[in-house]
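Quick note on labels: first sequence line is chain A, next is B, and so on, each numbered from 1.
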2 protein chains.
Amino acid sequence: MRKRNACTICAVRQKALCRGLPEDQQGRLNRTAYHRHYDAGRFISGADQRQDWFATVLSGVIKLTKSLPDGRQQIVGLLFPADFLGRPFRGRSPFTAEAATAVELCCLDRCHFEDLLQKTPGLSQLFLERTLDEVDAAREWMFLLGRKTAEEKVASLILLVARRLRRAGADGGAERPAVHWDFPLSRTEMAEYLGLRIETVSRQIRALRSAGAIEVAEGRAIIVRDLAALERMAQKECE
Amino acid sequence: MRKRNACTICAVRQKALCRGLPEDQQGRLNRTAYHRHYDAGRFISGADQRQDWFATVLSGVIKLTKSLPDGRQQIVGLLFPADFLGRPFRGRSPFTAEAATAVELCCLDRCHFEDLLQKTPGLSQLFLERTLDEVDAAREWMFLLGRKTAEEKVASLILLVARRLRRAGADGGAERPAVHWDFPLSRTEMAEYLGLRIETVSRQIRALRSAGAIEVAEGRAIIVRDLAALERMAQKECE
DNA sequence: TGTGCCGCTTGATCTAGATCAAAGGATGGT
DNA sequence: ACCATCCTTTGATCTAGATCAAGCGGCACA
């Protein structure tokens, strides 16, 4: 029962890939899709390790990382609600996926999804558009990593997260970015995404705080006090 | 005449996107596809500027860049022979394309290509796979930009170019990377791709040279003397 | 009520790579 | 043949951010 109409009550329904499926296909989907939960910090899927399922993120944030034996690690992507996890047409992904926060996934068998992709032009078209957007986003981040200062990097990251969480509906769709929310990344993770060290991130957050752009509240909450100032500090160049 | 069977004599035929088209479609393609030439350094298509055609690179190397009004510039991608240029389903690309070397393109109307993409599952499947590979490559480069040292960056770039040019058939398909070829990027461009300054690139090339990994010949030629050493210096982590 | 751990901040110092400066080669035009 | 320009190298110095080193506060566990 609950399972029959899971799609119709799904929070990310209008934003996720499933939008590319005709109504009747969604019904069939219901019968095979299943949910998974991961606590913050848990390993989800591994670099160079077979993964025989794909998923849509229902809630939470996932980080994609690459690391070297010598300990160097870099976050190469973040997945927010409605984003897709997995690497079709290739058994293994070159990156590791880990839950940055508690995560809820809606999963599908690899072969089932690849099958759907073949048979449903609307779906594969949508998937292609998403993937093209991801290339663009990755390239924007390359600019950040290669050319921005530490302060710009941190400001850009806060803006990125604010925008993405807003899009995910975390603040009920207000027309301006969420100003107050629990930041989904630890200082260490911020550093790993920005190509910085944790101490530098900490100092730059202090700088943004004294500039009045943001405020740091209890827990991991970050409050955007002055959006325009934050955008200025990000060099108006985030995403 | 020449145009009729242009596809059948095309150098990148087996590697380019066109492979995703059935034979008879390739014939139709011939009638509308046309070639373009750009000299080294020429502007090809602009950030946020309408581009109503797509292209396959026949020869040469294209750089995709993003730059800020304050002069900071970053190369966010390189296109080699058989690669695809353009951004379907969105009028404008957020990046600028420029010829790094002399470039030959095989072009197609935007609407014609998007039409083909809709109608030809094989083509859109292939295009999707290519795009997924591009995301992976961009993320690998994010690791390089965020975590590698200057020396590792330069070594990685030389390896990347060697491999891509080999794949493009520049050395007739030898089973090891090309050891001798004209490097397609200037020092400035290398720096722009690596998130470094030109002086640093120059010094690191000197370092690789004194380590015996490479040799710099007249013109822009780079000779890979010791592939294993070069790979070691790239932290075995290039692409 | 301790105590040990973890994530974060803050300060002091160090260094890889940036910046500043100058001086070769190449190459093309006259 | 000469000059101008551009690309590259090399040297000297500077600095943003890394590294080293405490210290602090919250939280879990005994």
Side-chain angles (χ1 to χ4, degrees), chain A residues 39-42 63 68 70-75 98 100-101 144-158 182-210 214-222 233 235, chain B residues 39-42 63 68 70-74 98 100-102 144-158 182-210 214-222 233 235:
Chain A
D39 288 328
R42 296 292 296 276
K63 52 179 176 163
L68 245 41
D70 64 14
R72 282 183 282 181
Q73 183 159 21
Q74 175 76 30
I75 295 182
E98 279 175 69
T101 67
L144 173 140
L145 289 170
R147 297 294 165 200
K148 286 194 180 180
T149 65
E151 183 178 68
E152 290 170 328
K153 284 178 175 182
V154 172
S156 299
L157 175 58
I158 293 174
D182 234 31
F183 204 81
L185 304 179
S186 68
R187 294 289 183 272
T188 302
E189 288 165 331
M190 294 175 75
E192 283 173 353
Y193 197 24
L194 296 172
L196 298 173
R197 308 262 106 195
I198 179 173
E199 298 94 328
T200 304
V201 171
S202 188
R203 283 184 245 269
Q204 297 307 330
I205 285 180
R206 157 163 287 284
L208 292 176
R209 194 141 56 91
S210 10
I214 62 169
E215 195 170 313
V216 178
E218 99 297 345
R220 263 179 198 168
I222 289 187
M233 303 185 105
Q235 194 63 211
Chain B
D39 288 329
R42 296 292 295 278
K63 52 178 178 166
L68 245 42
D70 64 13
R72 283 182 282 182
Q73 184 159 21
Q74 175 75 31
E98 279 175 69
T101 66
L144 173 140
L145 290 171
R147 297 294 165 202
K148 286 195 181 179
T149 64
E151 183 178 66
E152 290 169 328
K153 284 178 173 181
V154 172
S156 299
L157 175 59
I158 294 174
D182 234 29
F183 203 80
L185 304 179
S186 69
R187 294 288 183 271
T188 302
E189 288 165 332
M190 294 176 75
E192 282 174 353
Y193 197 25
L194 297 172
L196 297 173
R197 309 263 104 195
I198 179 173
E199 298 93 329
T200 304
V201 171
S202 187
R203 283 184 246 269
Q204 297 307 329
I205 285 179
R206 156 163 288 283
L208 292 175
R209 193 140 58 90
S210 10
I214 62 169
E215 196 171 311
V216 177
E218 100 294 348
R220 264 179 197 167
I222 288 188
M233 304 186 106
Q235 196 59 211

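The phosphate of dC8(C) has OP1 or OP2 within less than 4.0 Å of a side-chain N or O from Arg220(A). A close approach under 4.0 Å does occur between a side-chain nitrogen or oxygen of Thr200(B) and OP1 or OP2 of dA18(C). Between Arg206(A) and dT9(C) there is no side-chain N or O to OP1 or OP2 distance below 4.0 Å.
One finds the OG1 atom of Thr188(B) at 10.0 Å from the CZ atom of Arg197(B) (value rounded to the nearest 0.5 Å). To the nearest 0.5 Å, atoms CG (Leu68(A)) and CZ (Arg147(B)) are separated by 11.0 Å. Going from atom CZ of Arg209(A) over to atom CZ of Arg206(A) covers 5.0 Å, rounded to the nearest 0.5 Å. We find the CD1-CD1 distance between Ile214(A) and Ile222(A) to be 5.0 Å, quoted to the nearest 0.5 Å. Expressed to the nearest 0.5 Å, how far CG of Leu157(B) lies from CG of Leu144(B) amounts to 8.5 Å. Atoms CZ and NZ, on Arg72(A) and Lys148(B) in that order, are 7.5 Å from each other to the nearest 0.5 Å.
As rounded to whole Å, 11 Å separates atom P of dG17(C) from atom CZ of Arg203(B). Taking atom CZ of Phe183(B) as the reference point, atom C1' of dC7(D) lies 15 Å away to the nearest angstrom. If you take NZ of Lys148(A) and P of dA16(D), they are 18 Å apart, rounded to a whole angstrom. When the C1' atom of dT15(C) is taken as reference, atom CD of Glu151(B) falls 16 Å away, rounded to whole Å. As rounded to whole Å, 11 Å separates atom P of dA16(C) from atom CD of Gln204(B). In this structure, Gln73(B) atom CD and dA18(C) atom P are separated by 16 Å, rounded to whole Å.
In terms of position along DNA chain C, the nucleotide closest to Leu185(A) lies nearer the 5' end than the nucleotide closest to the other residue of the pair Leu185(A) and Ala150(B).
Here the side chains of Thr200(A) and Lys153(A) are not in contact, with every heavy-atom distance at 4.5 Å or above.
No donor-acceptor contact under 3.5 Å links the side chain of Arg209(B) to the base of dT8(D).
Contacts between residues 186-199 of chain A and DNA chain D, defined by a heavy-atom separation under 4.0 Å, are made by Gly195(A), Leu196(A), Arg197(A), Glu199(A).
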